[in-house]
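This report concerns only the one structure given below.
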Number of protein chains: 2
Amino acid sequence: MGIKERKEKHKEDLRQRILDAAKELFLKDGYEATSIRKIAEKIEFSPTTIYLYYKDKADIMYALHQEGFKLLGSQFGVLQHVSEPFERLKAMGRVYMSFALNNPDFYELMFIMKEPIEFVKAHCHDEEWEEGEQAFTALIMTVDQCKDAGYFTSFDTTTFALNVWSLMHGLCSLKLQGHLDHMATTKAHILEEGDWLEKTFDGFIAMLNSLK
Amino acid sequence: MGIKERKEKHKEDLRQRILDAAKELFLKDGYEATSIRKIAEKIEFSPTTIYLYYKDKADIMYALHQEGFKLLGSQFGVLQHVSEPFERLKAMGRVYMSFALNNPDFYELMFIMKEPIEFVKAHCHDEEWEEGEQAFTALIMTVDQCKDAGYFTSFDTTTFALNVWSLMHGLCSLKLQGHLDHMATTKAHILEEGDWLEKTFDGFIAMLNSLK
DNA sequence: AAACATAATTAACACTGTTAATAAAATGAA
DNA sequence: TTCATTTTATTAACAGTGTTAATTATGTTT
């Protein structure tokens, strides 16, 4: 039955082409501006055809959401080769921040926006393996190894990891949403010049250091 | 010219009624579901009338955005009576978290969503006093007083304050967007039961304590 | 009462996501 | 190859959205 396989391949092809078009539009114009009709126009199909391959817009966005997590995961993967756990933890922070800054739309889709999350809860309940968990697991393991190496000994691993994630997420969010720059400009008289994202991150590292 | 004043009052009245209707719908159904037409229906006016009192939807949402900051400001104001700076800092964290949990829509509008921020940048440039700055100033002052009392002595005040804000904002965001609960459920086998928001916050306080 | 200024409305534009009904194409069996 | 069946794609339409221009209604002033 080679024909059926070829058909399946064609179906998968179109599914991928839809996703690629959506990705291009999304990374260029953002979530709202990426309409079904524009995606359809890009791949030269009727808007309704898209609904034969994706349940709805949230479904498409969830697919991009997954791509984002794969990208972040691959960047985290490199850090497995940093043997010293505390060095790895700090590097994870840097990588996370770089990912957010270099892929702001992905970051928004993955961690800030509400819609894909609700799609996860609605359609991918339980059994579905969420790529994001892998990254969080890596963080927990690193914190655990840090504790073995004598860091953060008085803290619970999971809550400490959540604190680290919260801080990094908060920092990246405030930066991406413009709050950091807003504070920098309106308080320019009291704050000296400089890159506040970088400075705050350095402060975070300093905090970790004095928490040994 | 008492008549003119009465007219002005009527105009302001309607402006406020629009805002109240918008607020009610917004707190009930969220940002997207709050449409101009629904607001108009609520106050029994034509949709286009609203444009005589507000420039556009973002303008209305910015007004609510301001209300939110006033509310947060009033809750922070109470803390001025906590004389011990380190106690006040911890209390600020609690108040901030409570505000986020009790007013999730306001919090989203004030700190998570992008639209009102862009409205601020577009229309209220510079001279306009942003209520949010007051809260951040209060945080900076408190951190400064903590330093005077022997806490965080090796850290720069502003970057430390930004770290505190980032952590609290990140924690509240992850909670509101459902990421915290998601991690709790999918990792239920490895994590013991409990309120992870509370636990993480306690961990944060513990971190501050050991940073003295 | 007539002229004017303000306020509110209707109609319309250009979009959005999504569904039902219909047409086209590809496949299976005769 | 022809016919019937299934799959794929399309058109038309619904119910919305924010927003603007042109028009009507209202109230004030002369």
Side-chain angles (χ1 to χ4, degrees), chain A residues 1-19 21-22 25-26 28-65 109 113-116 118-119 122-123, chain B residues 1-19 21-22 25-26 28-65 109 113-116 118-119 122-123:
Chain A
M1 295 292 129
I3 290 172
K4 253 191 180 152
E5 286 166 18
R6 222 173 301 148
K7 272 197 70 178
E8 285 298 315
K9 215 171 186 182
H10 255 76
K11 267 199 85 165
E12 269 310 309
D13 260 29
L14 188 44
R15 210 182 131 87
Q16 187 58 47
R17 280 175 60 203
I18 291 170
L19 197 61
L25 287 169
F26 170 75
K28 185 160 61 73
D29 307 321
Y31 181 87
E32 298 287 339
T34 303
S35 72
I36 301 285
R37 283 173 174 83
K38 281 182 191 165
I39 297 171
E41 193 182 26
K42 208 164 189 60
I43 60 172
E44 290 180 304
F45 273 87
S46 176
T48 50
T49 303
I50 290 174
Y51 287 88
L52 301 174
Y53 297 86
Y54 290 93
K55 192 190 161 292
D56 51 23
K57 187 179 176 180
D59 195 1
I60 300 173
M61 289 305 168
Y62 176 68
L64 288 180
H65 173 269
L109 197 64
M113 283 185 49
K114 222 162 186 172
E115 304 221 14
E118 274 161 17
F119 185 85
H123 303 288
Chain B
M1 296 291 129
I3 289 172
K4 251 189 182 153
E5 284 167 19
R6 221 173 301 151
K7 276 196 68 177
E8 285 297 316
K9 217 173 186 179
H10 255 74
K11 269 199 84 165
E12 269 311 310
D13 260 28
L14 188 46
R15 209 180 132 87
Q16 187 58 47
R17 280 175 59 201
I18 292 171
L19 197 61
L25 287 169
F26 170 73
K28 185 159 62 71
D29 307 320
Y31 181 87
E32 296 288 339
T34 303
S35 72
I36 301 284
R37 284 173 174 83
K38 282 181 190 165
I39 298 171
E41 192 182 25
K42 207 163 189 60
I43 61 171
E44 290 179 303
F45 273 86
S46 175
T48 49
T49 302
I50 291 173
Y51 287 89
L52 301 174
Y53 297 86
Y54 289 94
K55 191 189 161 293
D56 51 22
K57 188 179 176 180
D59 195 0
I60 300 174
M61 288 306 167
Y62 177 68
L64 289 180
H65 173 268
L109 197 65
M113 283 185 49
K114 222 161 185 171
E115 305 221 13
E118 274 161 16
F119 185 86
H123 303 287

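Predicted, not measured: the structure shown is a model, and the values here were computed from it. Chain identifiers are assigned alphabetically (A, B, ...) following the order of the sequence lines, protein sequences preceding nucleic acid strands; residue numbering begins at 1 within each chain.
- Whole-Å rounding puts the Tyr51(B) OH to dA11(C) P distance at 18 Å.
- With hydrogens and angles left out, the side chain of Arg37(B) and the base of dG16(D) share no donor-acceptor pair within 3.5 Å.
- Taking only side-chain nitrogens and oxygens, Thr49(B) comes nearer than 4.0 Å to OP1 or OP2 of dT9(C).
- Using a 4.0 Å heavy-atom cutoff across all strands shown, Phe45(B) reaches sugar-phosphate atoms only and no base atom.
- Atom-to-atom, CD1 of Ile18(B) to C1' of dA7(C) comes out at 12 Å; the value is rounded to the nearest Å.
- Straight-line distance from the CG atom of Asp29(B) to the C1' atom of dG16(D): 15 Å, rounded to whole Å.
- Side chain of Ser35(B) to backbone of Lys38(B): a donor-acceptor contact under 3.5 angstrom is found.
- The nearest whole Å value for the distance from the NZ atom in Lys57(A) to the C1' atom in dT18(C) is 12 Å.
- Proximity of a side-chain donor or acceptor of Tyr53(A) to a complementary backbone N or O of Glu12(A) within less than 3.5 Å is not detected.
- One can place CZ of Arg15(A) at 17 Å from C1' of dT7(D), the figure rounded to the nearest angstrom.
- Around atom CD of Glu41(A), no more than 12 heavy atoms belonging to other residues, nucleotides or ligands sit under 6.0 Å away.
- Distance from the side chain of Tyr53(B) is smallest for dA8(C) among the nucleotides dA8(C), dG17(C), dT19(D).
- Remark: Met113(A) CE to Glu32(A) CD distance equals 7.0 Å, nearest 0.5 Å.
- Separating the CD1 atom of Ile36(B) from the C1' atom of dG16(D) is a distance of 14 Å, rounded to the nearest angstrom.
- Atom pair Leu52(B):CG and dT9(C):P shows a separation of 9 Å (rounding to whole Å applied).
- Scanning atom types as modelled, one donor and one acceptor separated by under 3.5 angstrom connect the side chain of Thr48(B) and the base of dT10(C).
- Comparing Ala33(A) and Lys55(A) by the nucleotide of DNA chain C that holds the closest heavy atom to each, the one mapping nearer the 5' end is Ala33(A).
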Going through the distances and angles, do Ile36(A) and Ile60(A) end up as a side-chain contact (heavy atoms from CB on, under 4.5 Å)? CA-CA 10 Å; Ile36(A) 301 285; Ile60(A) 300 173; 4.1 Å; yes
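- Not one side-chain nitrogen or oxygen of Ser46(A) sits closer than 4.0 Å to the OP1 or OP2 atom of dA9(D).
- Rounded to whole Å, the distance from CD1 on Ile50(A) to C1' on dT16(C) is 13 Å.
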